[in-house]
Amino acid sequence: MRMDLRCQVNNHAHRTGEMDLERLLVRRGQPFSLALQCFTPLPPNHKLAMILHLGKESEVVVKVLDARAGRDKWWFRQQRAQNEVLLTVHSPADTPVGIYSVTLLLLSPDGHILEQTTPETFYLLFNPWCKADSVYLPDEELLEEYILNENGLLYQGSWDQISSLPWNFGQFEQDVVDICFEILNNSPAALKNPEIDTANRADPVYVSRTITAMVNANDDRGVVLGRWDGKYDDGVSPTRWTGSVAILRRWREAGAQRVRYGQCWVFSGVACTVLRCLGIPTRPVTNYSSAHDTDGNLNVDYLYDEQLESVSEGRKDMIWNYHCWVESWMDREDLPKGYDGWQALDPTPQERSDGVYCCGPCPVKAVRDGDVGMKYDAAFVFSEVNADLVTWIVYPDGQRSQVSLNQKTVGRNISTKSVYGDYREDITKHYKYPEGSGKEREVYEKAGRRITQLNGAPWQLELKIKHAQAILGTDFDVIVEVHNVGGEDTPAQLTVTSNAVTYNSLHRGECQRRTASMTVPAQKAHKEVMRLRYDHYGACVSEHNLIRVTALLQASSQPDVILQEVNIPLSMPQLHVKVVGDAVVSRKLIAHISFTNPLPITLRGGVFTVEGAGSSTQLHRAGGNIGPGEDVKVKLSFKPTRAGLRKLMVDFDADRLRDVKGIATLIVRDRLAVN
């Protein structure tokens, strides 16, 4: 007897044909077929039996019933035709996902094994198209995006200057599905008790939580090591990555050794790849002005001394310019009714959850409604989008006084890519009610949050910061305006600082500081102009090309301090990418990449990284140094391996300029269609 897995027929029916047509990849809760080819007709009254093994050491053994059974059982039916038997196999929609082996047995009428097939391997994934599966998503357009789309956008920048980074998820690239199961196999739970871990893989809550812990390499044999200090010489700068596939393959090839380095968008991109590949609908999400509340008090506390110098020490509360995580769609049978749907999962290592660096799955609805006790980590996610910004003055004796409260800074323009194209969808309303609304106040109280207002007379002074579009490599002005809306002239002191920062608020160096004493006439405005020169910020600007301007204003007659901050992203040049030739599978194409150095300094060590369009990752070094205003051109060839809409993504990094991106979109045709 010989078994035919009918890979092409089954994989197309189960929407896994893009992954592979030589191996069997099917989704649970949906029938698939096997063909048993016999060299002689099967004797009458003899029976066929089917045995499945699951787990690295075959920890789980399943005897497949040979007659119709309930939804919670594996069963098969057979149709005989001369020397062939067609078997239709039914799997439960709540069975563990994993790599199974299947063996067919020929039994005599009295149950003795007469013959058996060579074991064959197949992959079983979650099935969001199946109503009985806990990841069921009843919208074909959403599934096209959140399961089947291999390209996407990760949003970066700042809340008022949003930018997008093209990302190659590549969940259907060769061997990615194997790597996804290897990640699960390397989790601490799988290594400690593989039998229990294998059984738990029926539950997307368990699987997704395991993935968030394993994508970062803080506790375990995880995939990516995070680093934010700008020192990446012993690895790859986080800004160089353009997709997940190269990272996943590097992890596997190194024997489950951590890949250096990643930051939040890299963690979210890799997690999105793995979860989509396993069959869980997933989308990347960006929260702007995202709070990192280290002490769990739902506040971000900024501490200054009487000279308005920052005195925060140790693990500081911070507001990240943006922070990326993912949402996955699933039922929450482990929670009270009403928390199904989108779940926030954050693979970036920030705080421990149950002793491990992971976060979620947390129902987005629980965050919106202030149900901070819900599993998992609802209080932390709630603070990321809702924390207050509180400013304190710390006195020499250690006492501190609250001088400023801002309840509208955190959690802005929460974004994901639209399912209808390459543009942004705002999902802030899923996480929080409108700022200042009665419902928002009610949620604050429910979350156990103090609703505090500063006492004292209304402020006469208002503070605003304005700036023109800032381009990396140029000088630009920042204007700080102090408005007196009262009826009396008001003396005040203004301190303005500009700092080079990372997107998650780590300071890389102070560019300028200015302190001015003034008297602002009633109903008038005072303006301070700070010119930021490339000579000042160029040497310390981070790879995120971000300048933070902070203004602190203290009126002489009041103890209160007004704090205003703006994050100014420095606009980056773009790479120009042009593909020449007919885009056909396995046919060589030429990509022309060009770039002009926008800086007034020479760039050294330039490297182009090319990924996507169904081709393997390529590195190309720029020939020699690149002077100010100098053009550099690179030509490379590649062969697309799969048909469809594909994107070729290019990144350029040099010693003083990183994260320059370019993209070319092409429609690759199949060779058969062309012929």
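Just so we're clear, the structure is a prediction, and the values are computed from it rather than from any experiment.
Side-chain contact, Glu611 with Trp241: no donor N or O sits under 3.5 Å from an acceptor N or O. Defined by atom type and a distance below 3.5 Å, a donor-acceptor pair is missing between the side-chain atoms of Gln171 and Thr273. A donor-acceptor pair shorter than 3.5 Å cannot be found between the side chains of Asn287 and Tyr431. In summary, the side chains of Ser328 and Thr282 do present a donor paired with an acceptor at a separation below 3.5 Å, with no hydrogens or angles considered. Between the side chains of His323 and Asp346, at least one donor-acceptor pair of N or O atoms lies under 3.5 Å. Counted by atom type alone, Asn127 and Arg27 present zero donor-acceptor pairs between their side chains at under 3.5 Å.
For Ala35, the side chain to side chain contact (heavy atoms under 4.5 Å, CB included) partners are Asp4, Arg6, Glu84, not counting sequence neighbours. Applying the side chain to side chain contact (heavy atoms under 4.5 Å, CB included) rule to Ser237 yields the partners Tyr232, Thr239, Arg658; only residues at least two apart in sequence or on another chain are considered. In this view, Phe267 satisfies the ring-ring contact (aromatic ring centres under 6.0 Å, His included) rule with no residue, not counting sequence neighbours.
In this structure, Trp74 has its ring center under 6.0 Å from that of Tyr100. When ring centroids are compared, Phe32 and Phe122 come within the 6.0 Å threshold.
Between Glu173 and Arg642 a salt bridge is recorded (basic side-chain N to carboxylate O distance below 4.0 Å). Under the 4.0 Å criterion applied to side-chain N and carboxylate O atoms, Arg209 and Asp377 are assigned as salt-bridge partners. The pair Arg252-Glu182 counts as a salt bridge, with a side-chain nitrogen and a carboxylate oxygen less than 4.0 angstrom apart. Looking at Arg23 and Asp178, a side-chain N of the basic residue comes within less than 4.0 Å of a carboxylate O on the acidic one, giving a salt bridge. Using a 4.0 Å cut-off between charged nitrogen and carboxylate oxygen, Asp340 and Arg332 do not count as a salt-bridge pair. Looking at Arg424 and Asp426, a side-chain N of the basic residue comes within less than 4.0 Å of a carboxylate O on the acidic one, giving a salt bridge. Taking a cutoff of 4.0 Å between a charged side-chain nitrogen and a carboxylate oxygen, Asp422 and Lys647 qualify as a salt bridge.
The aromatic rings of Phe608 and Phe652 sit tilted relative to each other, their planes meeting at an angle between 30° and 60°.
The environment of CZ in Arg250 is sparse: at most 12 heavy-atom neighbours from other residues, nucleotides or ligands sit within 6.0 Å.
A cation-pi arrangement is present between Arg283 and Trp342 under the rule of less than 6.0 angstrom and at most 45 degrees off the ring axis. Geometrically, Arg201 does not engage Tyr206 in a cation-pi contact defined by less than 6.0 Å to the ring centre and at most 45° from the axis.
Exactly one residue among Leu154, Ile280, Val326 makes a side-chain contact (heavy atoms from CB on, under 4.5 Å) with Cys272. That residue is Val326.
The backbone N or O of Tyr155 sits less than 3.5 Å from a side-chain atom of Thr286, completing a donor-acceptor pair.
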